[in-house]
Amino acid sequence: MKRPVAELVGTGRYTPSKVLTNADLEKMVDTSDEWIRERTGIRERRIAEPHETVAYMSKMAAEQVLEEAGIGPEDIDAIVLGTASPDRLLPATACDLQAILGARNAAAFDIQAACSGFIYGLSVAEGLIASGMAEHVLVVGAERLSTITDYRDRSTCILFGDGAGATLVRRATDGRRGILSGYLKSDGTLAELLYRPGGGGCHPPDEKLLADRSYYIKMAGREVFKSAVKSMADACDRALERAGLTSEDIDLLIPHQANIRIIEATAKHAGVPMEKVYVNIDRYGNTSAASIPIALDECVRCGRIREGSNVLLVAFGGGFTWASMVVRW
Ligand code: UT7
């Protein structure tokens, strides 16, 4: 097993207090609470109010991380923010976060790897530390998907929610705890199965964009579902293999919260019993890049992750992108 270069210290999360229930959605589109629960496992999701921007939610999560890590904002060397729903298209939301957090010595940039953004961010942070570029990297996954969700499209609007989670990656302090392995993968040939057709350079904003609603997320759910199961299963195997561990060594699996059926299939393939799988999709829906860091923070705070726990993270999302990581706490 490799000696870890970097470790995670401190976690934080922020979720808006406004709740959108399945009963609320029944009044907006042709759906039912029963269909949503059976097909996805979701009961409710959180929706940001106007002041709850991605940068604001990230700051609230980051402040908890800094307090636990015992460092100030000026000690951060880099901010890596995974998001698919940035506050503005330019500059990076990470720069807005830097400004309101007061992280004046940090480099700041976004990662657009959709739901895999947080694990991609952890890997980039590990690399920055390994190369000597940074000692303290704030990694955030934050989304305000409600701003890019079409609340007339029942196949997508029942899924998504808003929120943020964060952690700090720093140089490993002993040979045991830290990032034991990582695996990143993408397949851009399947991009149009989960994407936003309009709003970028290929289809700049115009009246047609508003009329055809191409600004919003479009998803071929069934195809995405199949790829997610296959890719997340494979990613679990790769991360375990690279860490020199088996599923029996894993104390907790934290999968991206996209659909309870995808989570169950991933756990089954990985050989991890559901008692060792963290699920909060019922309360938050799919929060894309924020889903794993929100879950991580809940697990640390409720004692499901303790010192020495081996945690397997796995995600899949638009791109397609997928990723996994084994972390010893
Ligand atoms: O976060 C990263 C990636 N995202 C995912 O991993 C999401 C992956 N996909 C999924 O989770 C599922 O595909 C969905 C939850 C989106 C859809 O579930 P499904 O079991 O794959 O349903 P389907 O798309 O095959 O649709 C089955 C039926 C269709 O009706 P017909 O054609 O059988 O008459 C849909 O029109 O369900 C209908 N349907 C709905 N019915 C009630 C689709 N959405 C709804 C809805 N309420 N909200």
Side-chain angles (χ1 to χ4, degrees), residues 20-45 82-85 111-120 141-146 148-163 165 184-188 190-196 216-236 254-267 269 277 279-282 284-295 313-324:
L20 181 70
T21 65
N22 291 350
D24 295 329
L25 284 160
E26 281 177 354
K27 292 177 204 137
M28 296 159 67
V29 288
D30 179 15
T31 190
S32 68
D33 171 50
E34 191 190 4
W35 191 95
I36 300 171
R37 275 190 289 107
E38 280 178 8
R39 306 307 294 168
T40 71
I42 302 168
R43 290 173 183 275
E44 58 187 41
R45 60 295 285 142
T83 189
S85 50
I111 288 191
Q112 167 42 305
C115 308
S116 311
F118 183 70
I119 302 180
Y120 268 62
E143 301 282 7
R144 203 170 159 201
L145 296 176
S146 58
I148 56 168
T149 296
D150 185 350
Y151 287 98
R152 291 189 201 164
D153 176 1
R154 69 174 184 175
S155 71
T156 54
C157 74
I158 53 133
L159 298 170
F160 301 121
D162 301 334
L184 307 179
K185 196 87 195 289
S186 309
D187 183 355
L190 300 173
E192 293 184 5
L193 294 175
L194 173 46
Y195 75 137
R196 289 172 64 201
Y216 295 117
I217 300 172
K218 311 280 177 215
M219 180 169 72
R222 207 174 298 187
E223 284 73 21
V224 175
F225 188 104
K226 282 187 224 148
S227 290
V229 170
K230 195 165 141 271
S231 304
M232 282 169 72
D234 181 53
C236 286
I254 303 183
H256 166 51
Q257 310 283 309
N259 185 314
I260 188 65
R261 294 181 290 139
I262 296 175
I263 293 172
E264 285 167 353
T266 302
H269 174 91
V277 181
V279 176
N280 63 11
I281 191 171
D282 50 323
Y284 301 124
N286 179 347
T287 58
S288 188
S291 96
I292 290 178
I294 289 172
L313 312 176
V314 63
F316 176 88
F320 290 157
T321 60
W322 59 105
S324 55

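No hydrogens, no waters, no symmetry mates; every other heavy atom, side chains included, goes into these values. These numbers come from a predicted model, not from an experiment. Each ligand, and each atom within it, is numbered from 1 in the order the structure gives.
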Taking the side chain as every heavy atom from C-beta outward, state whether [X] and [Y] have any pair of such atoms under 4.5 Å apart.
{"X": "Lys27", "Y": "Asp24", "result": "yes"}
{"X": "Val279", "Y": "Ile260", "result": "yes"}
{"X": "Glu26", "Y": "Ser32", "result": "yes"}

What residue and heavy atom of the protein are closest to [atom], and at what distance?
{"atom": "atom 17 (C) of ligand 1", "result": "Trp35 CH2, 3.9 Å"}
{"atom": "atom 3 (C) of ligand 1", "result": "Val224 CG1, 3.6 Å"}
{"atom": "atom 27 (C) of ligand 1", "result": "Arg222 NH2, 4.0 Å"}
{"atom": "atom 20 (O) of ligand 1", "result": "Arg39 NH2, 2.8 Å"}
{"atom": "atom 19 (P) of ligand 1", "result": "Arg261 NH2, 3.8 Å"}
{"atom": "atom 6 (O) of ligand 1", "result": "Ile262 CD1, 3.3 Å"}
{"atom": "atom 11 (O) of ligand 1", "result": "Asn259 ND2, 2.7 Å"}
{"atom": "atom 1 (O) of ligand 1", "result": "Asn286 ND2, 2.6 Å"}

When you compare ligand 1 with [X], is there at least one nitrogen or oxygen pair between them that comes in under 3.5 angstrom?
{"X": "Thr40", "value": "no"}
{"X": "Ser32", "value": "no"}
{"X": "Ile36", "value": "no"}

Counting each atom of ligand 1 from 1 as listed, which ones have a heavy atom of [X] under 4.0 Å away?
{"X": "Cys115", "answer": "1 (O), 2 (C)"}
{"X": "Phe316", "answer": "2 (C)"}
{"X": "Ala258", "answer": "1 (O), 5 (C), 6 (O)"}
{"X": "Gly221", "answer": "8 (C), 9 (N), 13 (O)"}

Checking side-chain polar atoms at under 3.5 Å, does [X] have a donor or acceptor matched by the opposite partner on [Y]?
{"X": "Ser146", "Y": "Asp162", "result": "yes"}
{"X": "Ser186", "Y": "Tyr120", "result": "yes"}
{"X": "Asp234", "Y": "Ser231", "result": "no"}
{"X": "Glu143", "Y": "Thr287", "result": "no"}

* To do: Assess whether atom CZ of Arg43 is packed by more than 12 heavy atoms of other residues, nucleotides or ligands within 6.0 Å.
  =>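 Open.
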* Asked: Does the pair Asp30/Arg154 count as a salt bridge with the N-to-O cut at 4.0 Å?
  ->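 Result for this pair is yes, salt bridge flagged.
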* To do: Can you figure out which of Met219, Met232, Arg154 has its heavy atom closest to atom 48 (N) of ligand 1?
  => Arg154
* Gln257 (side chain) donor-acceptor with Pro255 (main chain) under 3.5 angstrom -> yes
